[in-house]
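One structure is given here, and the rest of the page talks about it.
The analysis underlying the following values was restricted to heavy atoms, covering all of them including side chains, and did not include hydrogens, waters or symmetry mates.
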Amino acid sequence: MQGLDLAQFKALVVRPVLAQPGLGGSAALNLLTGTALVESGLVWLRQNGGGPALGLWQMEPATHDDCWQNFLDFRPMLAATVRRLGGGACGVGSADLLVGNLAYACAMARVVYLRAPCGLPAPAESAGLSAYHKKYYNTALGAADSQRNAALFAQAIAA
C-alpha cells in the first residue's frame with residue numbers, strides 16, 4: 001500500500017509545524033518525519049487492526065490527554081502554539097483532531113518528545129533517531145524495532 005510522498009510530507013507538513021516557536025530544529029524535523037513513517041507508513045489514520053492509536057503519528061487518546069494535563073497546561077506559550085495549530089478547539093478530549101489535522105498531530109507528537117528527559121540525537125544519525133523513537137515514543141512494550149526502523153529514519157533524513 002502506498003501512502004503520502006515522504007519528501008512532500010516532510011516539506012509541507014512537518015517543516016512548517018516545526019518552524020513554530022519552541023518546536024523546531026533539524027533533529028526534530030528528521031525525528032518527526034521518521035516517527036510518522038515508522039508508526040503509520042504515512043498510510044494509516046487509525047491504528048491498523050482496531051487499536052486506539054490515531055493519526056499518522058499513531059498517538060493514543062490517553063497519551064494525547066496526558067500531554068495536555070501534565071505538560072502543556074503548565075506551558076502556556078507552547079500550549080497556545082499547539083492550540084493555534086489545532087484550530088483553537090483542542091485540549092483534553094480532542095484526540096480526534098489527530099486524524100484530520102496533520103499540523104496538530106505533528107505538534108502533539110513533538111510534545112511527546114519535548115517531555116523526554118534528554119536532548120535529541122544528531123539530525124543525521126538514523127540509528128540514534130530510531131533508538132530515541134523506541135525509547136521515548138513507542139516505549140519498551142511497543143512493537144517498534146529500533147534496529148529495523150533505522151532504515152526508515154534514514155529515508156526520513158534523505159527526504
- Message: So, applying side chain to side chain contact (heavy atoms under 4.5 Å, CB included) with Leu102, which one of Val17, Val14, Val13 is it?
- Response: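 Testing each of Val17, Val14, Val13 against Leu102, the sole residue satisfying side chain to side chain contact (heavy atoms under 4.5 Å, CB included) is Val13.
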For [Y], does its backbone N or O pair with a side-chain atom of [X] as donor and acceptor, under 3.5 Å?
X	Y	result
Arg110	Leu23	yes
Thr63	Met59	no
Arg115	Val111	no
Trp68	Ser94	no
Asn138	His133	no

- Assess whether side-chain contact (heavy atoms from CB on, under 4.5 Å) is satisfied between Trp57 and Cys106, documenting all intermediate values. CA-CA 7 Å; Trp57 285 269; Cys106 182; 3.3 Å; yes
- Compare all side-chain heavy atoms of Leu32 with those of Arg15 and state whether any distance is below 4.5 angstrom.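 No, side chains not in contact.
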In chain order, what residues pass the side chain to side chain contact (heavy atoms under 4.5 Å, CB included) check against [X], with sequence neighbours excluded?
X	answer
Asn48	Trp44
Asn101	Ala103, Tyr104
Ala156	Thr33
Pro52	Gln47, Glu60, Pro61

- Task: Show your working on side-chain hydrogen bond (donor to acceptor under 3.5 Å, both in side chains) between Asp145 and Asn149 and close with a plain yes or no.
- Result: CA-CA 6 Å; Asp145 178 330; Asn149 290 338; over 6 Å; no
Identify the two heavy atoms, one from [X] and one from [Y], that lie closest to each other, and give their separation to 0.1 Å.
X	Y	value
Val112	Tyr136	CG1-O, 3.6 Å
Leu56	Val43	CD2-N, 4.0 Å
Ser126	Phe153	O-CB, 3.8 Å
Ser130	Ala150	OG-N, 3.5 Å
Leu31	Leu129	CD1-O, 3.6 Å
Gly24	Ala28	O-CB, 3.9 Å

- Message: Measuring from atom CD of Gln8 to atom CG of Leu42, what distance do you get when rounded to the nearest 0.5 angstrom?
- Response: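 Gln8 CD to Leu42 CG: 11.5 Å, rounded to 0.5 Å.
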- Task: Kindly compute the distance separating NZ (Lys134) from CD (Gln147), expressed to the nearest 0.5 Å.
- Result: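 Here the rounded value is 11.5 Å.
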Throw together a table of side-chain donor-acceptor distances under 3.5 angstrom for residues 77-93, partners on residues two or more places apart or in other chains.
{"unit_1": "Thr81", "atom_1": "OG1", "unit_2": "Met77", "atom_2": "O", "d": "3.3"}
{"unit_1": "Arg83", "atom_1": "NE", "unit_2": "Cys90", "atom_2": "O", "d": "3.4"}
{"unit_1": "Arg84", "atom_1": "NH1", "unit_2": "Gln20", "atom_2": "OE1", "d": "3.2"}
{"unit_1": "Arg84", "atom_1": "NH2", "unit_2": "Gln20", "atom_2": "OE1", "d": "2.8"}

- Message: My understanding is that only residues two or more places apart in sequence, or in another chain, count here; which of them pass side chain to side chain donor-acceptor pair (under 3.5 Å) with Asn30?
- Response: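 Asn30 satisfies side chain to side chain donor-acceptor pair (under 3.5 Å) with Lys10 once adjacent residues are dropped.
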- Task: Measure centre to centre between the rings of Tyr113 and Tyr137, then say whether the value is under 6.0 Å.
- Result: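 Yes - the distance between ring centres of Tyr113 and Tyr137 falls below the 6.0 Å cut-off.
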- Query: Taking a hydrophobic cluster as the set of Ile, Leu, Val, Met, Phe, Trp and Tyr residues connected by side-chain heavy atoms closer than 4.5 Å, whether directly or through intermediates, do Phe9 and Val99 fall within one such cluster?
  - Reply: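 Yes, same cluster.
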